[in-house]
Structures are given as structure tokens and as C-alpha cells.
Amino acid sequence: MKKQLALGLCLATLVSSAAMTAVDAHGVWFANRLDEKALVLGEGPLDNAYSPSCVQKIDGYTTMGQVAPVTVVNHHKNVSILTPDNLGVTATYFDYGYFTKTTDGKMVNKPFNQVPNAVKTTHAIKWNINYWDASAKPMVISDMPIQIVPMVNPLTLKKGDTFEIQVLKDGKPMANAPLIKDVLNDLTNESQADANGRATVTVNANGLNVIGVEIAYPSGDAGTQNKYFSSLSFTIYPEE
């Protein structure tokens, strides 16, 4: 089920503890939390609270690539989803809002033109593709601006296996895309994709794996940059 939400509401209701955290390297992905399939906003091993209104939509697809409605459940500081039995992949669109640094070093959760003594504003936008079923075929999400596409379904692999990915921007290979191959455990170890947006990555964990691309571009507004974090996530369940 597509879930469109207004950015203004996200800015107005953003949880204060999350609003004051740095936006660098924060991504979103799915993880099992308290027996729920929770959308996590995180950086390395740390999770942050966020307003459910930051979630613009979560689209689901079956293992055959057809639309599969998912139910979004809003909680006080995050969201979780209820999934159909044949869910293969989800695509998440998340707008964390505007973070403006002032001349006295404070961080304000408002756009540049609404903050006195503003120095620089970051508009933090995040996307995620999560694989839920090993039988789902790798797919390109047509309306996701930046995405990491696995050449094989990573759920068919095990810890230590390597596989190839390709980073796409607006549907085309993103040359030299900046990669974080292990967002959870090796956040500062960055590398690059090749001229065709391709790279080889490793399944690092028997459990949750998150691969990320983070990049900033100038926006059309003075003093403001758009910072994008797009992730690929999947959870390997080791044999008992």
C-alpha cells in the first residue's frame, strides 16, 4: 500500500532527540525489533527515534515482481510493517527533513531561509530496498532515484560469500558511486563502485546486512544541499 505523507508534518512533529542528531551517514533499513518488522533509522550500531510522518511511502512487491500491499503501522517513535505471505521486496522512501547549522554551532530542524544566522542546511533524504524472500528475483525499482541493485538475490547466499551489485542513479549506472559496504559494523570504511556503478561486496553477517551509498548534491536553494543515503538490506538466518 502506498503511503504518501506531507513533509511539513514530518518537520513539525519530528522527535526532538532525533532532530538534534547529526544527519551524516544515517540510513534506513528493516530489522526485527520486539517481534516486529521495524523500519530503523540508524548509523552504524545506533538507532534513532523518528516521526512516522517522515515515511513518505513503503511499496511492496511479490517474489514475481508484482505489487504486494504492505500495511504500515505507526508507533510513537518509528514505524513497522505487516507483510503478506508472498512479499519479496520492499522499497522505502523516507524524508528526514532539513537540518540547518547556525553561526553559533547549533543545529535547527528548519530550512535555511527560516533560521537566523544560518550557515548551511542539509536536506536529508533516504531510500531503502529490502529483500524478504530468497525466491524473489533482483529488480530495479523504477521510481527510486538512487538504488543498489544486487545481481543475485542476497538471501540465496551465506556469510562470507561475495556478490556483485550495481548502483543506479535515475535508472542509469552511477559511475564511481561512493559505497559503504558494511553500514552496521564498518561505517567509516568507504570505497567506490567502478565506472559502470558495479562493485563486489561480501555477506558480512549471519543476520542483518546493510550496504549503503551516501552522496550530497547542491540544491536549487541557496545554502542548502541535498544529502542522499540509499541502502540495500537483507537478513541471513543461519542454519540451526
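Computed from heavy atoms alone, side chains included, the values below leave out hydrogens, waters and symmetry copies.
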Measuring from [X]:[atom1] to [Y]:[atom2], what's the distance to the nearest 0.5 Å?
X      : Y      : atom1 : atom2 : result
Lys120 : Met107 : NZ    : CE    : 9.5 Å
Asp143 : Asp170 : CG    : CG    : 11.5 Å
Trp29  : Lys126 : CH2   : NZ    : 9.5 Å
Gln166 : Asp194 : CD    : CG    : 8.5 Å
Asn128 : Ser230 : CG    : OG    : 7.5 Å
His26  : Lys227 : NE2   : NZ    : 11.0 Å

One pair to check against side chain to side chain contact (heavy atoms under 4.5 Å, CB included): Ile58 and Phe30. What are the steps and the verdict?
CA-CA 11 Å; Ile58 300 175; Phe30 279 97; 4.0 Å; yes

Mind checking whether Ile180 and Phe163 sit in one hydrophobic cluster, side chains of I, L, V, M, F, W, Y counted as touching below 4.5 Å?
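Hydrophobic grouping puts Ile180 apart from Phe163.
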
If hydrophobic clusters are built by linking Ile, Leu, Val, Met, Phe, Trp and Tyr wherever their side-chain heavy atoms come under 4.5 Å apart, do Leu168 and Ile165 end up in the same one?
no

Which heavy-atom pair separates [X] from [Y] by the least distance, and what is that distance?
X      : Y      : answer
Ala49  : Tyr96  : O-OH, 4.4 Å
Val210 : Ser233 : CG2-CB, 4.1 Å
Asn196 : Pro173 : O-CB, 3.2 Å
Thr100 : Phe112 : OG1-N, 3.7 Å
Pro111 : Thr121 : C-OG1, 4.1 Å
Leu179 : Ala193 : CD1-N, 4.1 Å

Examine the side chains of Thr90 and Asn130 and answer whether a donor and an acceptor come within less than 3.5 Å of each other.
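Side chains of Thr90 and Asn130: no pair found under 3.5 Å.
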
Geometric cation-pi criterion, Lys110 with Tyr98: 6.0 Å, 45°
no

Measure centre to centre between the rings of Phe234 and Trp132, then say whether the value is under 6.0 Å.
no

Near-ring test Phe229/Phe94, centroid separation under 6.0 angstrom:
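Centroid distance Phe94-Phe229: not below 6.0 Å, so no.
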
Would a distance-only check, ignoring hydrogens and angles, find a side-chain to backbone donor-acceptor pair under 3.5 Å from [X] to [Y]?
X      : Y      : result
Thr62  : Met64  : yes
Thr102 : Lys106 : yes
Ser231 : Val28  : yes

Just checking Lys181: does its NZ atom have more than 12 heavy atoms from other residues, nucleotides or ligands closer to it than 6.0 angstrom?
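Yes.
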
Is it true that, when you exclude Asp35 itself, more than 12 heavy atoms of the residues, nucleotides or ligands shown sit nearer than 6.0 Å to its CG?
no

Taking the six-membered ring for Trp, are Tyr228 and Tyr217 parallel (under 30°), tilted (30 to 60°) or perpendicular (over 60°)?
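Taking Tyr217 first and then Tyr228, their aromatic rings sit tilted (interplane angle of 30° to 60°).
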
Enumerate donor-acceptor pairs with a distance under 3.5 Å from any side-chain N or O in residues 147-160 to protein atoms, sequence neighbours excluded.
{"from": "Gln147", "atom 1": "OE1", "to": "Ile141", "atom 2": "N", "distance (Å)": "2.9"}
{"from": "Gln147", "atom 1": "NE2", "to": "Ile141", "atom 2": "O", "distance (Å)": "2.7"}
{"from": "Gln147", "atom 1": "NE2", "to": "Met144", "atom 2": "O", "distance (Å)": "3.4"}
{"from": "Asn153", "atom 1": "OD1", "to": "Leu155", "atom 2": "N", "distance (Å)": "2.8"}
{"from": "Asn153", "atom 1": "ND2", "to": "Asp133", "atom 2": "O", "distance (Å)": "2.9"}
{"from": "Asn153", "atom 1": "ND2", "to": "Ala134", "atom 2": "O", "distance (Å)": "3.3"}
{"from": "Asn153", "atom 1": "ND2", "to": "Ala136", "atom 2": "O", "distance (Å)": "2.7"}
{"from": "Thr156", "atom 1": "OG1", "to": "Asn153", "atom 2": "O", "distance (Å)": "2.6"}

Test side chain to side chain donor-acceptor pair (under 3.5 Å) on His123 and Asp95 and set out the steps.
CA-CA 8 Å; His123 183 191; Asp95 194 321; 3.0 Å; yes

Could you go through the side chain to side chain contact (heavy atoms under 4.5 Å, CB included) check for Met174 and Ile215 one step at a time?
CA-CA 11 Å; Met174 185 176 181; Ile215 193 164; 3.5 Å; yes

Mind checking whether Thr235 and Tyr131 have side chains closer than 4.5 Å, heavy atoms only?
no

Per-pair distances, 0.1 Å, donor-acceptor, side chain in residues 199-209, under 3.5 Å, sequence neighbours excluded:
{"from": "Asn204", "atom 1": "ND2", "to": "Thr202", "atom 2": "O", "distance (Å)": "3.2"}
{"from": "Asn209", "atom 1": "OD1", "to": "Asn204", "atom 2": "N", "distance (Å)": "2.9"}
{"from": "Asn209", "atom 1": "OD1", "to": "Ala205", "atom 2": "N", "distance (Å)": "3.0"}
{"from": "Asn209", "atom 1": "ND2", "to": "Ala205", "atom 2": "O", "distance (Å)": "3.1"}
{"from": "Asn209", "atom 1": "ND2", "to": "Gly207", "atom 2": "O", "distance (Å)": "2.9"}

